[in-house]
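Quick caveat: nothing in here was measured; it's all calculated off a predicted structure. Counting starts at 1 for both ligands and their atoms, following the listed order. FYI, the numbering just counts along the sequence from 1.
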Amino acid sequence: MSSGTQKTGQLGSELTQIDGQLSGGSTRRFDLISLSAPTLHPCGLFLCRAAPASSISAEDNAAQNFLHCQVHAVPPQRTLAANRTSTRVHLFAILMHDETVDSLERTSAAHLPVAHGGELIDLYVGSERRADIKAESKGLPSWDLTPRQLCDLELFLNGGFSPLRGFMTKADYERVCNEMRLESGILWPIPITLDVSEDFAKSLAAGRSKIALRDPEGVMLALLHVEEVWKPDRREEAQAVFNTTSPTHPGVFHVLNKSNPWYVGGRLEGVQRPSSYDFKTLRLSPSELRQQFARQGWRRIVAFQTRNPMHRAHVELTFRACKQAEASLLIHPAVGLTKPGDVDYFTRVRCYQVVLTKYPRGTAKLFLLPLAMRMAGPREAIWHALIRKNCGCSHMIIGRDHAGPGKDANGKAFYDPYAAQELFQKHEAEIGVTMVPFHNMVYVEDKAKYLPEDEVPRDARVLNLSGTELRQRLNEGRLIPDWFTYSEVIQELRRSFPPRHQQGFTVFFTGLSGAGKSTIANVLLIKLLEIGGRPVTLFDGDLVRKHLSSELGFSREHRDLNIRRIGYVASEITKNRGIAICAPIAPYDAMRKEVRAMIAPLGGFIMVHLSTPVEVCEERDRKGLYAKARAGIIKEFTGISDPYEEPTDADITINTAELAPDEAAQEIILHLESEGFIGNPSNSRVS
Ligand code: PPS
């Protein structure tokens, strides 16, 4: 053991370094990293980690010992913990062997809340059993996990879903749906089931079959011992869990339209952790998180769940929550599946990393949760808290409309904005996590600060910026005010969501053969190339049929496949900020809508209907196809012997009997300009 210099100062600001004496007699400077000190360690010391301030040479053996040293901050009085950022303390470093550090960490870990059901589950098997399972798996049926199932599996295996040991069996499922409890009586609000196709379900024998669960690349992640196979009533499930069967609710939509019709329940054995190549250091399992907290000396931890980028209001809210709970902060965003249309998690995590720097050193941590959200509002709030308890958190922030699914078809919210807080409160003791409830934070201009809605003085001027308004401002490159968020966050958001004149878009023509699609598309191509700035690709109907869909005919099925292919390629181009011009007949409304839905979230989608009447097209008959169709030589010819569904949702409608190609293309250019997809960037105001 060896001690460092004594110092006095403010934790995290003045006291960031300390000189430590090596056992050999020489001294070295250490950075105090992860200054925590939210509570006193039972032995009366604040625990801090230290790392050598300059790099250590391989030869410097004595200094190597310091890599795992602890720096203890000794408070002059023991009553200082409450307001630690202004606490002046003495610091001196004590070099300890790893075993001593471990034992101190164990003591700290004992202060974290116990996992739900009493034990933190770990379903990963040891190396011998792993080898046996892998050998056995060759003869077993395989199930390729869907993205949602993959998220669920990870949280089963690492104990995030403690006390669950596998996908729910029917008894658990039914009791969870109806009473929010497992069969054992333990509180659990969300059913977690493995949904499979009918054919697959029928190939299984309950009590005997085992399934190799695989990731999309075919890597076996777990073994499922099949205990039960059944066909659930998914409408009943939706009603029980979401309190509605409206498909406008994203959770209901998934249950009714995206999940498979049969469920399989059973115990899991984990073979391998699902692989993630992004933000690896931020992906800690519940037990790793617990270790991390113990190492920091964190006993009271308030979790902040989010699926959105964080702005000043969120930071203010979390500051207040920490103060109220006298706790450290875990920013714990869901990075599995969230609500469709949400900001992608890559962008979000970069924003969180910026926001993290706004907290005093050592008071907040960011880790990612691979959770597939259900948007179940009140029930989901409880679920979130149980998962966070398993991760070692003692408190959980529940704000306005927690895990809210948005509005129904009539514009009415599915859940009361404070229903989650009410349900949580009812079960708080059983949840074992203290709720830190919050109203919406709003910016009060006269006071130049954020306040919860319910604390705003009467007649005060309040500013707020909705998510929709923020998206609009990003789209139009307009100013985003400083009171709303940090300039570095705006910068990140602008990188991912550039103004419209830098986004990609697709111009999608539809109309009969001979309506003028190819001609106008070619003129448009030239005009856009003339404007420049983005690559432009033209998918003409005939050329696509030659290069992309050469094996397809003109049945409805083949036409749909052809349009889906065009839509897919155009969506990739749009996503990568290029311009795609598509000019197929695309006679079916449903397929056109599918393509719009595929492309619109990635940039622009402009549908141009060439409404030139069939008589005009037939009279033109540039390729002689109408004559052949009339003679019955060409079958299933659109407009003659096959249907064309007129669009009612076109953005532009042009009858080429009345407009020259140049004029028609100009109309489209003017529309693109008015929508902001082309234009003078200097008109935009970027903060
Ligand atoms: S679809 O329905 O969108 O898949 O059709 P598309 O791929 O755009 O059609 C491309 C060209 O195929 C020629 N052609 C036919 N069109 C319609 N019906 C039948 N049965 C047919 N047989 C061949 C026609 O020239 C289409 O090109 P355009 O540019 O529309 O004239």
Side-chain angles (χ1 to χ4, degrees), residues 506-526 536-574 580-599 605-657 659-662 664-665 668:
T506 293
V507 179
F508 190 90
F509 287 92
T510 170
L512 297 171
S513 174
K517 300 186 298 294
S518 305
T519 313
I520 299 172
N522 272 294
V523 179
L524 183 66
L525 169 76
I526 301 297
V536 194
T537 312
L538 171 59
F539 297 100
D540 183 58
D542 279 317
L543 291 175
V544 168
R545 289 267 172 189
K546 194 164 161 198
H547 298 295
L548 206 62
S549 297
S550 56
E551 85 286 16
L552 299 183
F554 288 87
S555 64
R556 174 160 192 164
E557 194 193 354
H558 277 195
R559 285 179 195 262
D560 280 354
L561 191 53
N562 181 41
I563 301 305
R564 196 172 283 127
R565 284 180 190 172
I566 296 174
Y568 171 71
V569 183
S571 75
E572 286 297 306
I573 289 174
T574 304
I581 305 173
C582 311
I585 296 173
Y588 296 113
D589 185 57
M591 199 59 221
R592 291 190 300 252
K593 287 203 162 70
E594 189 180 317
V595 171
R596 186 192 282 275
M598 204 191 295
I599 298 176
F605 182 85
I606 300 98
M607 192 200 287
V608 182
H609 175 210
L610 294 193
S611 62
T612 318
V614 66
E615 304 76 44
V616 178
C617 299
E618 187 166 4
E619 201 180 302
R620 288 178 185 162
D621 205 11
R622 282 177 56 209
K623 303 179 195 165
L625 296 175
Y626 281 90
K628 285 188 184 161
R630 289 283 180 205
I633 301 167
I634 301 180
K635 308 273 185 251
E636 300 175 311
F637 194 81
T638 311
I640 302 296
S641 45
D642 222 44
Y644 178 80
E645 297 172 1
E646 299 270 328
T648 52
D649 56 349
D651 301 282
I652 307 173
T653 303
I654 295 170
N655 178 352
T656 60
L659 279 187
D662 245 341
I668 301 168

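Contacts between Ser513 and ligand 1 below 4.0 angstrom, taking non-hydrogen atoms only, involve backbone and side chain alike. With a 4.0 Å cut-off on non-hydrogen atoms, Phe637 touches ligand 1 through its backbone as well as its side chain. Using a 4.0 Å cut-off between heavy atoms, Ile563 contacts ligand 1 through its side chain alone, with no backbone atom that close. Only the side chain of Asn562 comes within contact range of ligand 1, with a heavy atom under 4.0 Å; no backbone atom does.
The distance from the OG atom of Ser513 to the CG atom of Asp621 is 8.0 Å, given to the nearest 0.5 Å. To the nearest 0.5 angstrom, Thr510 atom OG1 is 11.5 Å from Tyr588 atom OH.
A salt bridge links Asp560 to Arg556: one of the charged nitrogens lies within less than 4.0 Å of a carboxylate oxygen. Between Arg630 and Glu618 there is a salt bridge, since a side-chain N of the basic residue sits under 4.0 Å from a carboxylate O of the acidic one.
Distances shorter than 4.0 angstrom do not occur between any heavy atom of His558 and any atom of ligand 1. Using a 4.0 angstrom heavy-atom cutoff, Asp642 does not count as in contact with ligand 1.
Donor-acceptor pairing under 3.5 Å is recorded for the side chains of Thr638 and Arg559. Between the side chains of Thr656 and Arg620, at least one donor-acceptor pair of N or O atoms lies under 3.5 Å.
Those atoms of ligand 1 with a heavy atom of Glu636 less than 4.0 angstrom away are 18 (N), 19 (C), 20 (N). For ligand 1, the atoms sitting less than 4.0 Å from at least one non-hydrogen atom of Thr638 are 17 (C), 18 (N), numbered in the order shown with element in parentheses. Heavy-atom proximity to Pro587, at under 4.0 Å, picks out these atoms of ligand 1: 2 (O), 3 (O). When each atom of ligand 1 is checked for a heavy atom of Ala586 under 4.0 Å away, the hits are 3 (O). In summary, the atoms of ligand 1 found under 4.0 Å from a heavy atom of Pro584, numbered by their order in the structure, are 3 (O), 8 (O). Residue Leu625 has at least one heavy-atom neighbour below 4.0 Å for each of these atoms of ligand 1: 24 (C), 25 (O).
For the salt bridge (Lys or Arg N to Asp or Glu O under 4.0 Å) condition, the pairs that include at least one residue of residues 537-555, sequence neighbours left out, are Asp542-Lys623, Glu551-Arg565.
Relative ring orientation between Tyr644 and His609 is described as parallel, the plane-to-plane angle staying below 30° on a 0-90° scale split at 30° and 60°.
In terms of protein heavy-atom proximity, atom 27 (O) of ligand 1 is nearest to Lys623 NZ, 3.4 Å.
The residue from Phe554, Tyr644, Tyr588 that puts a heavy atom closest to atom 23 (C) of ligand 1 is Phe554.
Checked against side chain to side chain contact (heavy atoms under 4.5 Å, CB included), Lys593 has the following partners two or more places apart in sequence or in another chain: Asp589, Asp649.
No N or O atom of Ala583 sits closer than 3.5 Å to an N or O atom of ligand 1.
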